[in-house]
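Written below as structure tokens is the structure these notes are about.
Computed from heavy atoms alone, side chains included, the values below leave out hydrogens, waters and symmetry copies.
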2 protein chains.
Amino acid sequence: MSRKNRTDVVAAASVMFAEQGFHGTSMRDLAKKLGLMGSSLYSHVVSKDELLVDVVREASSRFQTLADEVATMPGTAIQRLSRLVHGHLQILVKDPHQARTFLNETRFLPEPERDTAVAMFDRYQRAYRDVLSSGCNSGEFRSDLDVHLAANLVLSLLNGTQRWFNADGALSVESLASEVHRLLTLGLNPDPEANAA
Amino acid sequence: MSRKNRTDVVAAASVMFAEQGFHGTSMRDLAKKLGLMGSSLYSHVVSKDELLVDVVREASSRFQTLADEVATMPGTAIQRLSRLVHGHLQILVKDPHQARTFLNETRFLPEPERDTAVAMFDRYQRAYRDVLSSGCNSGEFRSDLDVHLAANLVLSLLNGTQRWFNADGALSVESLASEVHRLLTLGLNPDPEANAA
DNA sequence: ATAACACAAACGAACGTTCGTTTGTATAAT
DNA sequence: ATTATACAAACGAACGTTCGTTTGTGTTAT
């Protein structure tokens, strides 16, 4: 029952927005989780919308950092794709509530923050397109690949994991990421190199 | 401005629940979309929850039908997986609002309907595990495949498409499904058979 | 060391509004 | 004539938020 600061409130909001949804969470619900009265939240925050803005901003910034890293990263397309896969899944697992709020509740942001978030994610997706397209040119990926489509599919695969992956389970994030990367590059079929060996 | 029946109300609800979320949609919002007063909805429906139950039930039943078809389907694992991919994406595209409501709003169902829906989806997922595991035994898929993990990944990939696929765009559902199937089986890497030819 | 002050955090009550829903009555279709 | 549909009016509860005030917690002046 200690005194709370703004960070505590935003953190609790990310948990409740992820689990109950933005519109399914009332300020009194949120306050109760913090051991406060509803009105007390307004010592830390000016509106409910602002809480959502804060959570989404934090998540956006993490993805942005990853995109920037990969944009200047040396190495093959396969290596850079691997970094995107591992990095993206790390972000999802490190703070699953923040990530789920970002993925599922961004649409409830007020303007112009919503537009900003959408634009940020577009730019993030560009990192995937760039890596895929360079892989096509280098011969690491199929040359007839629809890069835009493939980027959407890769991100669908990555983002979908937040619905079922449990960080406390037997499978580690690194193993998950490796499996995802293997599925993306080689598919489900028997590894031809393994057959050759 | 014609008179509405229950089907009209449920259909409008599936649209609004998909776009605004269950908790973001008020009965008055929904009525306005139908050209009615809020109270008039209760001539067709006993509660707001009932609307969500109806939408989710319809979607569940479609997925169930697909799972049953594939369970008794002859053919190779690859052919059966292809049917799951095409069928699943067909369902998502045929009624995207119903599908999105099913995928995103099922968590807001009252009990016991929520449990029922979760159990139904578990059973649906079993169809994927069965196909994947038979493919491992037949040598169509890698024998070291983690079937449970792979089923989750395949479904993540499929369900993620509802966030970005536009049925009115240049890409048809069939082409999308074929691309997804190709990605799943062969991955991004250059097709070894194409190289051999 | 203590008293005076400043400020952030929390309170409890109340604001106006919207929520899901109920009731009673009118209108349109069968 | 009966039934299904729609209405306007109203219900209590909950919503996000504001208000005036109190409590805690350091900082400065004495």
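- Distance B/Leu41 CG to C/dT22 C1': 14 Å, rounded to the nearest Å.
- Judged by distance alone with a 3.5 Å cut-off, no donor-acceptor contact links the side chain of A/Ser43 to the base of C/dA8.
- In this structure, A/His88 and A/Tyr128 have perpendicular ring planes: the angle between them is above 60°, well past the 30° mark.
- Judged as a ring-ring contact (aromatic ring centres under 6.0 Å, His included), and not counting sequence neighbours, B/His44 has no contacts.
- Between the P atom of C/dA8 and the CG atom of A/Leu36 lies a distance of 17 Å, rounded to the nearest Å.
- The distance between atom NZ of B/Lys32 and atom P of D/dA6, rounded to the nearest whole Å, is 17 Å.
- The interatomic distance linking B/Leu34 (CG) with D/dC7 (P) rounds to 11 Å, in whole Å.
- Hydrophobic clustering, with ILVMFWY side chains joined whenever heavy atoms are under 4.5 angstrom apart, keeps B/Val15 apart from B/Val93.
- The distance between atom CG of B/Asp8 and atom P of D/dT5, rounded to the nearest whole Å, is 10 Å.
- The NZ atom of B/Lys4 sits 12 Å away from the P atom of C/dA29 (whole-angstrom rounding).
- Both A/Val85 and A/Leu171 belong to a common hydrophobic cluster when Ile, Leu, Val, Met, Phe, Trp and Tyr are linked at side-chain heavy-atom distances under 4.5 angstrom.
- With contacts defined as side-chain heavy-atom distances shorter than 4.5 Å, the pair A/Ile78/A/Phe141 qualifies.
- When rounded to the nearest whole Å, the span between CE of A/Met37 and P of D/dT23 equals 15 Å.
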Q.
Strictly under 4.0 angstrom, non-hydrogen atoms only: write out the protein contact profile of nucleotides 13-19 of chain D, one letter per nucleotide from the 5' end, B, S or -.
A. --BBBB-
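- In this structure A/Ser60 satisfies the side-chain contact (heavy atoms from CB on, under 4.5 Å) test together with A/Val56, A/Phe102, A/Met120, sequence neighbours excluded.
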